[in-house]
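Proteins come first, then strands; the chains are lettered A, B, ... in the order of their sequence lines, and each starts at number 1.
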There are 2 protein chains.
Amino acid sequence: MARAQPAVDKRRLILDAAVRVFARQGFHTCRVSDIADEARVAYGLVYHYFKSKDEILDTLFLERWDVLLRAIAEVDTQEIPARQKLYAIAGFIVDSYRHDPDLMKVIIVEVTRAANTFGRTHLPQIRQAYEQIAAIVDRAQRDGSFRDTVTPDFAALAFYGAVEQVLTGWIFSLLPVGDREYEDAKTLIVETICGGLERVEGAQ
Amino acid sequence: MARAQPAVDKRRLILDAAVRVFARQGFHTCRVSDIADEARVAYGLVYHYFKSKDEILDTLFLERWDVLLRAIAEVDTQEIPARQKLYAIAGFIVDSYRHDPDLMKVIIVEVTRAANTFGRTHLPQIRQAYEQIAAIVDRAQRDGSFRDTVTPDFAALAFYGAVEQVLTGWIFSLLPVGDREYEDAKTLIVETICGGLERVEGAQ
DNA sequence: CGGGATTGACTGACCAGTCAATCTGTTCCG
DNA sequence: CGGAACAGATTGACTGGTCAGTCAATCCCG
């Protein structure tokens, strides 16, 4: 039985240290000893709590992705226009980055975009996010607020791609970072995907 | 002096084999001996032509990215609407994937999206593509064909992000593959980013 | 005292990169 | 024309270092 109230949760300590190390050096280029050092914990303890180095990353991803999937599902239950739903989802992801940039960096760089390794492993989870977004677009097309020139699947891909690319812009320092920029980004992503870049003749 | 017309260019043979191996197993998980085997060449020959395993990937990326940058620049010299320029760029990238999916997979997965390793190394090249696209958007905003609600930098990111995500969809088998799908994708990407998802009141 | 928590030295596997040896085609001289 | 001399191409066994994962010993709480 686990202790009721341990002074410090070493398992959590290791996970948090791993986030920092993975973000700094990347999963492949860091050593397990780097994680142990960062957590100020003995090497062997890492293997007391985790079966392997891979399992640490898996845990981090699944923990966070589950939160994301729930957030999207929650947004979808609200009675608001599709544009506002997409705004809420983009906002949630941007705020996740604001709250813990390292964690989001790790999830995107090491999992979501790692087509040969963890991305393949977690494809079902990733796919689920796309499907939930596609469902929102689909409903908007049926109620007439979205045009049906683009398939929902495709729209979901483009929307999520734009969001991820913006985070990548921050990760790569290609975009300026700051509270103002984060708020702007939410609006701009939705404005681009929903409103489009082109001027429309006859609109306002 | 190099032989005028060698029966086979072993250097090329190694590069092409590396594309297949990197696409199949990923850069980090493959061994140099896998590349040599795939090329049906002795292990040591790889090091006769390349300084290191990294240099092989660098070569592949730089070769192809140079072609892309030239293509974008070429498109931009034409006297056509911005939407058609973006269509041409999306088309070029999609056709690159159609022509050699393995190579594009490697470039995207192992370089463009590898924020901790090769992505960092080649950031200047990657940035250049964004800047060229942003310049197209900027000009379209000045001539009035694009709205100026979204900054050109941001629009470039969203556009490129959507394109890359569609390729990722093919790489992950999330999207159906085929000549028809490739052509549709070109249109849909541009339709989404330029036209937007929303129905516009009063338009046609 | 019993058992989970914690330690860190150790091992076995793996693999990038080296290198000395060999091969193959070219050049040039007698 | 034969063949000597050379140079780059090609070979693959080997080395040195790295590191994930193991494990026996120790600690410490209840």
**Request:** Between C/dA16, D/dG12, D/dA20, spot the one nearest the side chain of B/K53, thanks.
**Result:** C/dA16
**Request:** Whole angstrom is fine here: how far is it from CG in A/D37 over to P in C/dT7?
**Result:** 12 Å
**Request:** Grab the CD1-P distance between B/I35 and C/dC15 for me, whole Å please.
**Result:** 12 Å
**Prompt:** If you count the non-hydrogen atoms of other residues, nucleotides and ligands that lie under 6.0 Å from CZ in A/R12, is the total more than 12?
**Reply:** yes
**Item:** For atom CD1 of B/I14 and atom C1' of D/dT10, their distance in whole Å
**Value:** 10 Å
**Request:** Check side-chain contact (heavy atoms from CB on, under 4.5 Å) between B/E198 and all other residues, then give those that pass, not counting sequence neighbours.
**Result:** A/R83, A/F146, A/C194
**Prompt:** Nearest of D/dT11, C/dT6, D/dA20 to any side-chain atom of B/A42?
**Reply:** D/dT11
**Item:** Rounded distance (Å) that lies between atom P of D/dC19 and atom NE2 of A/H28
**Value:** 14 Å
**Item:** CZ (A/R120) with more than 12 external heavy atoms under 6.0 Å
**Value:** yes
**Asked** So does B/Y43 get a side-chain nitrogen or oxygen closer than 4.0 Å to the phosphate oxygens (OP1/OP2) of D/dT10?
**Response** no
**Message:** On DNA chain D, compare the nucleotides closest to A/G44 and A/R31; which residue's is nearer the 5' end?
**Reply:** A/R31
**Prompt:** Relative to the ring of B/H122, is the ring of B/F61 parallel (under 30°), tilted (30 to 60°) or perpendicular (over 60°)?
**Reply:** tilted
**Prompt:** Which one, C/dG17, D/dT10, C/dT7, comes nearest to the side chain of B/H48?
**Reply:** D/dT10
**Request:** Round to a whole Å and report the spacing from CG of A/L13 to P of C/dA5.
**Result:** 15 Å
**Request:** In whole angstrom, give the distance that lies between atom OH of A/Y47 and atom P of D/dA24.
**Result:** 18 Å
**Prompt:** Atom CZ of A/R11 and atom C1' of C/dT6: how far apart are they, to the nearest Å?
**Reply:** 17 Å
**Request:** Could you tell me whether A/D76 and A/R139 have a side-chain N and a carboxylate O separated by less than 4.0 Å?
**Result:** yes
**Message:** Does A/V41 reach a base, just sugar-phosphate, or nothing at all? Heavy atoms under 4.0 Å.
**Reply:** sugar-phosphate
**Prompt:** When you check the phosphate oxygens OP1 and OP2 of D/dA9, does a side-chain N or O of B/K10 lie under 4.0 Å from one of them?
**Reply:** no
**Prompt:** What integer distance in Å separates A/L45:CG from C/dA5:P?
**Reply:** 9 Å
**Request:** Tell me what A/F50 touches on the nucleic acid: a base, only sugar-phosphate, or nothing, going by heavy atoms under 4.0 Å.
**Result:** nothing
